[in-house]
Amino acid sequence: MKSVECAGTLQSKENQGLMVFISNRDSTCGDCGENLGSKAWITLAGERGALCLACADLDHLLFLPSGNVALTRRARKHSTLVAVVLRWSRARKRYERQGLLVEALGLEKAEEECLADHEIRARRREREAMRREEVDGKYVEEFAARVRELFPGRPVGRERQIAEHACLKYSGRIGRSASAKALDEPAVRLAVIAHVRHHETKYDELLVKGYERREARAAVEEVVDRVLQKWEAKC
Ligand SMILES: [Zn+2]
């Protein structure tokens, strides 16, 4: 019998212990004599051939499908009795693992551990997000202070607006670049220029009207320079 031979090979090769097969042919239990149909879950017991799970004393186990590695590992650990469930793949000509039969208590314990893990990870993520916010908040303060220092004549409050915009998370804007992180004057200056362009000139209107960015920038350059000079002057 092909399936029995293959099962024997598999058992000795992988030493997987108890195995349950999802049968692909009509089988009858060698113990209770019941006809199990063609898709029965059976074990193979040497001379006696196929056994139903009840006769094999495995019918109290729960099926855990493959896929969740952590859950599978833990369920195996917490279950005294474990059986690997295999199905013959006609296409690939080999047995393929479908999952495990494990004890209900073991599975419960494994699920609890995975849940706890999940909660721990969620809490850690929360903590990290909070820390990031603090770091960013501090960075915005420093950036604003630098704007205040370099542009003492700016309208009060603009430094905050500029700093926040420049530091916008994940935006890839000036504020996130390495040189701005160091709060270099050129980087801070670039952020201020961008702000002035958008808030003190017709730049945005020109873009809406269909100007190329380069054209629009050239068109407002003079105004930007004038505003910068004013802002740089001490009042
Ligand atoms: Zn039986």
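Just the heavy atoms: all of them, side chains too, but no hydrogens, waters or symmetry mates, feed the values below. Both counts, for ligands and for their atoms, begin at 1 and track the order of listing.
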Heavy-atom check, side chain of L61 versus side chain of E103, under 4.5 Å: yes
Under 2.8 Å from the Zn ion (ligand 1) - protein N/O/S, by chain and number: C29 SG, C32 SG, C52 SG, C55 SG
Which of parallel (below 30°), tilted (30 to 60°) and perpendicular (above 60°) describes H199 and H195? parallel
Mind checking the CD-NE2 spacing from E111 to H78? Nearest 0.5 Å is all I need. 11.5 Å
Test of understanding: with side-chain hydrogen bond (donor to acceptor under 3.5 Å, both in side chains), list the residues that count as partners of Y211, not counting sequence neighbours. none
Check the pair F63 / V20 against side-chain contact (heavy atoms from CB on, under 4.5 Å), numbers first and verdict last. CA-CA 11 Å; F63 178 56; V20 167; over 6 Å; no
R146 vs E159, test: side-chain contact (heavy atoms from CB on, under 4.5 Å). Steps then yes/no. CA-CA 8 Å; R146 199 80 175 97; E159 69 276 16; over 6 Å; no
